[in-house]
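Everything quoted here is computed from the prediction, not taken from an experiment.
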Amino acid sequence: MMKEALQERTLPLLLHLFTAVTGMVDAVSYIGLGHIFTANMTGNIVLLGFAFAGVPGLSALRSLTALAAFLVGAVIGGRLATTLAPLSSKRWRMTAFGCEAALLLGSTLASIVSVPSDSTRLYAVIVLTGLAMGLRNATVRKIAQPDLTTTVLTLTVTGLAADSSFAGGSNPRWQRRVMSILCMLAGSVVGALLLRHSLALPLGVATAFTICGMVAFYGSPRLETGETPISGKVS
């Protein structure tokens, strides 16, 4: 029973870690890459609309690049889930989060490599972080843990209020919802503070967190069972 309880707690905790990573990535993209989002596509599309309307300081090209990279990353994530999850949920998750870590590492390196044009470096970071976040979103969507999307909090905040005792509800999973909000907030605060030193620093920390999460997934007893919400028990 204790082992089963530990298994049930492991995955949500790891997804909370990835939620904090999202906060850091959004801090980098919005503050450091010219007012775009590479993880939060709701915000990015709104900013794209503002850019089309001619709002100063916004770039439609940067927002479109982030959106395109995110979509490609999501396609890759969906393909990995379709191909690998029926064979082994452990292999699927390790591959998906390993790819995310590699893309974030690439964005870290791109932010410090000397190139002829600063715009080249900027777009490289946009593309790499967009790919990473699209892949992550597709993977987490397939994992399907309630209230743990790792990137979008609108429904989480809505559920927290609409299902509360004030609304006549029973406060289901309120701890998980509050933790998601706090993790995103903490990640964005840390990302913004680290950006004061360099663009590479928050990206490097986000990469390290993702690798730690990947290692934890590898050692999680839950993964050894091969159980996944989309494929049932697999070998």
Side-chain angles (χ1 to χ4, degrees), residues 15 17-52 55 58-85 92-93 95-111 119-145 148-156 180 183-184 187-188 191 195 199 202-207 209-210 213-214 230:
L15 294 181
L17 174 66
F18 289 130
T19 302
V21 169
T22 297
M24 283 186 272
V25 171
D26 270 342
V28 168
S29 61
Y30 187 80
I31 301 171
L33 301 180
H35 294 171
I36 63 166
F37 289 107
T38 57
N40 180 355
M41 286 301 106
T42 301
N44 191 55
I45 290 173
V46 170
L47 291 173
L48 177 61
F50 294 162
F52 283 149
V55 174
L58 299 178
S59 168
L61 181 57
R62 287 196 295 265
S63 290
L64 285 170
T65 301
L67 177 60
F70 186 93
L71 289 172
V72 171
V75 169
I76 295 171
R79 175 60 65 179
L80 287 175
T82 301
T83 305
L84 297 180
W92 160 50
R93 291 170 178 175
T95 301
F97 291 123
C99 289
E100 177 188 344
L103 289 166
L104 289 176
L105 177 60
S107 70
T108 304
L109 297 175
S111 69
S119 65
T120 300
R121 178 166 54 184
L122 181 145
Y123 279 100
V125 175
I126 290 173
V127 169
L128 289 167
T129 55
L131 286 169
M133 292 298 99
L135 194 157
R136 155 101 76 73
N137 269 263
T139 303
V140 172
R141 180 175 179 272
K142 296 292 186 179
I143 291 174
Q145 281 281 307
L148 280 174
T149 64
T150 76
T151 54
V152 181
L153 293 181
T154 302
L155 290 178
T156 302
S180 292
C183 286
M184 184 77 78
S188 61
L195 268 174
L199 185 65
L203 290 171
V205 172
T207 302
F209 278 17
T210 303
M214 194 178 87
I230 66 169

Q) Under the side-chain contact (heavy atoms from CB on, under 4.5 Å) test, which residues partner Ala101, sequence neighbours left out? A) Thr210, Ile211
Q) Which heavy atom of Gly204 sits nearest a heavy atom of Thr108, and at what distance? A) N-OG1, 3.4 Å
Q) Which atoms form the tightest heavy-atom contact between Ala138 and Gly78, and what is the distance? A) CB-N, 3.7 Å
Q | Ile45 side, atom CD1; Leu64 side, atom CG - distance, nearest 0.5 Å | A | 10.0 Å
Q. Are the side chains of Ile126 and Arg62 in touch, meaning some heavy atoms are under 4.5 Å apart?
A. yes
Q) side-chain hydrogen bond (donor to acceptor under 3.5 Å, both in side chains) with Ser111: which residues, sequence neighbours excluded? A) none
Q) If you take all heavy atoms of Ser180 and Thr156, which pair is closest and at what distance? A) CB-CG2, 4.5 Å
**Q.** Exercise: identify the closest heavy-atom pair between Ala206 and Val25
**A.** CB-CG2, 4.5 Å
**Q.** Pairing residues for Tyr123 by the ring pair (Phe, Tyr, Trp, His ring centres under 6.0 Å) criterion, not counting sequence neighbours
**A.** none
Q: Can you measure from CE (Met24) to OG1 (Thr19) and round to the nearest 0.5 angstrom?
A: 10.5 Å
(Q) Measuring from atom SG of Cys183 to atom CG of Leu153, what distance do you get when rounded to the nearest 0.5 angstrom? (A) 10.0 Å
Q.
Quick one, Leu148 and Val140 - any side-chain contact, counting heavy atoms below 4.5 Å?
A. no
(Q) I need the Asn44 CG to Ser63 OG distance, nearest 0.5 Å. (A) 4.5 Å
Q) Listed by chain and number, what are the ring pair (Phe, Tyr, Trp, His ring centres under 6.0 Å) partners of Phe37, not counting sequence neighbours? A) Tyr30
Q | side chain to side chain contact (heavy atoms under 4.5 Å, CB included) between Ile143 and Arg93, worked out | A | CA-CA 9 Å; Ile143 291 174; Arg93 291 170 178 175; 4.1 Å; yes
Q. Heavy atoms, side chains only, cut-off 4.5 Å: are Leu203 and Val125 in contact?
A. yes
Q. Mind checking whether Leu131 and Leu135 have side chains closer than 4.5 Å, heavy atoms only?
A. no
**Q.** side-chain contact (heavy atoms from CB on, under 4.5 Å) partners of Ala51, counting only residues at least two apart
**A.** Leu58, Ala60
Q.
Measuring from atom CG of Leu199 to atom OG of Ser29, what distance do you get when rounded to the nearest 0.5 angstrom?
A. 10.0 Å
Q. What residue pairs, at least two apart or across chains, pass side chain to side chain donor-acceptor pair (under 3.5 Å) with a residue in residues 129-140?
A. Thr22-Arg136, Thr38-Thr129, Glu100-Arg136, Arg136-Thr150, Asn137-Thr151
Q | Donor-acceptor contact present, side-chain Thr207 to main-chain Leu104, <3.5 Å | A | yes
Q: Rounded to the nearest 0.5 Å, what's the gap from CE on Met133 to CG on Leu103? Could you check?
A: 9.0 Å
